[in-house]
S.K.: 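Mind looking over this structure? Questions follow.
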Amino acid sequence: MKLIRYGDSGHEKPGMLDADGNLRDLSNHIDDIAGAALSDENLKTLAALDVDTLPLVSTANGAPRIGPCVGNVGKFICIGLNYSDHAAESGMDVPPEPVIFFKATSAICGPNDDVEIPRTSTATDWEVEMGVVIGKHAKYIKEEDALEHVAGYCVINDLSERDFQIKRSGQWVKGKSADTFGPIGPWLVTRDEVPDPQALNMYLDVNGKRMQDGSTATMVYGVAHVIAYLSQFMSLHPGDIISTGTPPGVGMGQKPDPIYLKAGDTMTLGIEGLGTQTQKTVAA
């Protein structure tokens with residue numbers, strides 16, 4: 001299934017796409033795509049519905065707005081330097097264990113919402129990443145069992161302000177958490193539709209120019225390893241999101257000089273089978 005949340009920010013409704021890509025309303029069956037609704041049992045119940053009998057939502061003239069594909073996110077966990085070639089372009093070594101940091105959940109926005117360039121920013125950067133959405137409580141789990149705890153996958157743009165992240169001392173979270181720095185969606189693609197999360201092509205364009213062109217196959221630490229690893233340090237709960245790292249091509253790594261986002265730029269990004277996003281940048 002491809003599950004989707006639509007409507008005004010803070011008032012999104014649950015929906016799903018039918019076989020023809022039409023938006024269908026799920027409001028009579030679940031309150032939101034969040035928390036307990038992401039369990040295997042509840043997802044199986046949704047999958048058993050006759051999609052063609054669900055109310056059709058008009059998408060004329062670009063409406064309704066598409067919201068983040070998961071609501072009420074508890075934790076927004078990110079894995080840094082998880083592609084060896086991205087680590088190299090960043091001038092950093094491949095870490096001996098996964099690098100963990102957090103984004104504030106207030107950074108989450110819809111996949112096509114405008115992205116705000118923070119005040120005083122001179123180094124706002126892009127990062128296409130595959131998101132993993134937890135559907136089952138995970139604590140001290142084994143790697144071979146890890147994917148059983150996944151509800152599904154989605155596209156994430158892990159936007160970053162590099163000066164805030166690297167030059168302003170302290171933790172990376174300062175450069176990762178500005179409002180609108182976490183576009184998520186357009187859909188949550190349930191794990192049954194993604195037989196191998198380590199075989200998905202991904203890309204990101206800025207103003208029509210291809211900047212990132214990679215594959216989840218080149219992750220240093222795969223999805224199953226990351227989930228099992230995280231569960232040794234914290235419990236994972238339904239609705240938690242893990243952003244799994246980015247391939248090379250970020251603005252910070254451009255040669256001979258970095259290239260950063262400015263107001264008026266357009267980003268288009270996508271992952272094979274998980275959909276696409278388009279964001280315009282605006283001044284905060």
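Everything numeric here is computed off the predicted structure, so don't read it as measured data.
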S.K.: When you compare the side chain of Lys209 with that of Asn207, does any pair of heavy atoms fall below 4.5 Å?
M.R.: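 The answer is no; the side chains never approach within 4.5 Å.
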
S.K.: Transitively linked via ILVMFWY side-chain contacts under 4.5 Å: Val226 with Val94?
M.R.: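 Same cluster.
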
S.K.: Let me know which of Cys154, Pro186, Cys69 forms a side chain to side chain contact (heavy atoms under 4.5 Å, CB included) with Pro111.
M.R.: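 It is Pro186; the other options fail the test.
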
S.K.: Measure the shortest side-chain to side-chain distance between Leu204 and Asn157 over non-hydrogen atoms and say whether it is less than 4.5 angstrom.
M.R.: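 In short, these two side chains touch, coming nearer than 4.5 Å.
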
S.K.: Counting N and O atoms only, with roles assigned by atom type, does the side chain of Thr281 sit under 3.5 Å from a partner on the main chain of Lys262, one being a donor and the other an acceptor?
M.R.: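 Pair found, side chain donor or acceptor close to backbone of Lys262.
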
S.K.: For the pair Glu129 (side chain) and Gly245 (backbone), establish whether a donor and an acceptor sit closer than 3.5 Å, ignoring hydrogens and angles.
M.R.: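 Yes; judged by distance alone, with no hydrogens or angles, the pair exists.
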
S.K.: Is the side chain of Thr244 donor-acceptor paired with the backbone N or O of Gly131 at a distance under 3.5 Å, no angle test?
M.R.: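 No; zero donor-acceptor contacts below 3.5 Å.
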
S.K.: What is the distance from atom CG of Leu23 to atom CH2 of Trp187, rounded to the nearest 0.5 Å?
M.R.: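 With rounding to 0.5 Å, CG (Leu23) is 11.5 Å from CH2 (Trp187).
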
S.K.: Could you check whether any side-chain N or O of Lys103 sits under 3.5 Å from a backbone N or O of Gly182, counting only pairs where one atom can act as donor and the other as acceptor?
M.R.: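 Absent.
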
S.K.: So do the side chains of Leu56 and Arg24 get within less than 4.5 Å of each other, counting heavy atoms only?
M.R.: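 Side chain of Leu56 against side chain of Arg24, heavy atoms only: contact under 4.5 Å found.
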
S.K.: Is there a donor-acceptor contact under 3.5 Å from the side chain of Trp126 to the main chain of Asp205?
M.R.: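 It does not hold such a pair.
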
S.K.: Looking at OH of Tyr229 and CD1 of Ile100, how far apart are the two atoms once the value is rounded to the nearest 0.5 Å?
M.R.: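 If I round to the nearest 0.5 Å, the distance is 5.0 Å.
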
S.K.: Between the side chain of Glu161 and the main-chain N/O of Ala123, is any donor-acceptor distance below 3.5 Å?
M.R.: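 Yes.
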
S.K.: Could you tell me whether the side chain of Ser243 reaches within less than 4.5 Å of the side chain of Ile77, counting heavy atoms only?
M.R.: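 In short, these two side chains do not touch, never coming nearer than 4.5 Å.
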
S.K.: Is it the case that the side chain of Asp20 and the backbone of Asn22 share a donor-acceptor pair, with hydrogens and angles ignored and the cut-off at 3.5 Å?
M.R.: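 Side chain of Asp20 to backbone of Asn22, a donor-acceptor pair under 3.5 Å: no, none is there.
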
S.K.: Kindly give the cluster partners of Val282, where membership spreads through any ILVMFWY side chain lying under 4.5 Å from a current member.
M.R.: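 Besides Val282, the hydrophobic cluster comprises nothing; the residue is isolated.
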
S.K.: Mind listing the side-chain donor-acceptor pairs of residues 139-152 below 3.5 Å, one per line with the distance, residues two or more places apart or on another chain?
M.R.:
residue: Glu143; atom: OE1; partner: His225; partner atom: ND1; Å: 3.2
residue: His149; atom: ND1; partner: Lys136; partner atom: O; Å: 3.4
residue: His149; atom: ND1; partner: His137; partner atom: O; Å: 3.0

S.K.: Hydrophobic cluster mates of Tyr203, side-chain heavy atoms under 4.5 angstrom, ILVMFWY only, any path?
M.R.: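 Grouped by the 4.5 Å side-chain rule, Tyr203 forms a cluster of one, so the answer is none.
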
S.K.: Could you state the interatomic distance from CG (Asp158) to CE (Met130), rounded to the nearest 0.5 Å?
M.R.: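 With rounding to 0.5 Å, CG (Asp158) is 13.5 Å from CE (Met130).
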
S.K.: Does some side-chain heavy atom of Phe164 sit less than 4.5 Å from a side-chain heavy atom of Pro118?
M.R.: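 Yes, close enough: below the 4.5 Å cut-off.
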
S.K.: Which pairs, with at least one residue in residues 104-119 and sequence neighbours excluded, count as a salt bridge (charged side-chain N to carboxylate O under 4.0 Å, His left out)?
M.R.: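 Found Arg65-Asp113.
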
S.K.: Return yes if some donor-acceptor pair links the side-chain N/O of Glu12 with the main-chain N/O of Gly10 below 3.5 Å, else return no.
M.R.: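 Answer holds: yes.
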
S.K.: Would Asp192 and Lys44 pass as an ion pair if we require N to O under 4.0 Å?
M.R.: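 Looking at Asp192 and Lys44, the cut-off is not met.
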
S.K.: Does any N or O in the side chain of Gln277 come within less than 3.5 Å of the main-chain N or O of Gly270, such that one atom is a donor and the other an acceptor?
M.R.: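 No; judged by distance alone, with no hydrogens or angles, the pair does not exist.
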
S.K.: Which ILVMFWY residues can you reach from Ile30 by hopping between side chains whose heavy atoms are under 4.5 Å apart?
M.R.: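 For the cluster that includes Ile30, the remaining residues are Met1, Leu3, Met16, Leu26, Ile33, Leu38, Leu43, Leu46, Leu49, Val51, Leu54, Val70, Val73, Phe76, Ile108, Val133, Ile156, Ile184, Leu188, Ile241.
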
S.K.: Going by atom types alone, do Asp163 and Thr122 pair a side-chain donor with an acceptor below 3.5 Å?
M.R.: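 Looking only at side-chain atoms, Thr122 and Asp163 do form a donor-acceptor pair, the distance falling under 3.5 Å.
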
S.K.: Do Thr278 side-chain atoms and Thr268 backbone N/O form a donor-acceptor pair below 3.5 Å?
M.R.: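 Pair absent, no side-chain N/O of Thr278 close to backbone of Thr268.
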
S.K.: Would you kindly say whether Ser160 and Lys176 are connected by a side-chain donor-acceptor distance under 3.5 Å?
M.R.: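 Looking only at side-chain atoms, Lys176 and Ser160 do form a donor-acceptor pair, the distance falling under 3.5 Å.
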
S.K.: Just wondering, do Leu159 and Thr180 contact through their side chains at under 4.5 Å, heavy atoms?
M.R.: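 No, side chains not in contact.
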
S.K.: Could you list all the side chain to side chain donor-acceptor pair (under 3.5 Å) pairs where at least one residue sits in residues 70-84, not counting sequence neighbours?
M.R.: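 Non-adjacent pairs meeting side chain to side chain donor-acceptor pair (under 3.5 Å): Lys75-Asp240.
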
